[in-house]
Amino acid sequence: METLLEIVLKAFIGGLFVVAFALLAEIVQPKRLAGVFAAAPSVALGGLILTVVFKGNLEAARAARGMAAGALAFTAYCLIEIPALGRFGAMRGSAAALIVWCAMAAAIAFAVAS
């Protein structure tokens, strides 16, 4: 029952954070910065808060390290994707960038695993 409660609370709190961040994005100028306040960071923040409440700081620290690894890998994906699209086309360029993303995420996760 506690797992179900945790899932429901994560969905509810994640939704609240998405709405709050969306409202904040509406007042940010210039509008191109509104993407900083997209759904993923707000849901991640809500999830981390509930992880601390239900599972403690250690588990939240592990989750945060995983999120950081994913973010760094996604940055590599973005840096590779634009030139790869121009050079290889949509399908092959996206596949190449996705391979880089997966490899970077695995390497970073392995490096910071404790």
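Position 1 is the first residue of the sequence; numbering continues from there.
The side-chain hydrogen bond (donor to acceptor under 3.5 Å, both in side chains) test applied to T75 returns no partner, not counting sequence neighbours. Judged as a side chain to side chain contact (heavy atoms under 4.5 Å, CB included), and not counting sequence neighbours, the contacts of A73 are W101, M104, A105.
The environment of L98 atom CG is dense: over 12 non-hydrogen atoms of other residues, nucleotides or ligands sit within 6.0 angstrom.
Here the SG atom belonging to C102 is positioned 10.0 Å from the OH atom belonging to Y77, to the nearest 0.5 angstrom.
Taking every heavy atom of both residues into account, E81 and G93 meet most closely at OE1-O, 3.4 Å.
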Donor-acceptor contacts under 3.5 Å from residues 44-58 side chains, at least two apart:
from : atom 1 : to  : atom 2 : distance (Å)
T51  : OG1    : G47 : O      : 2.7

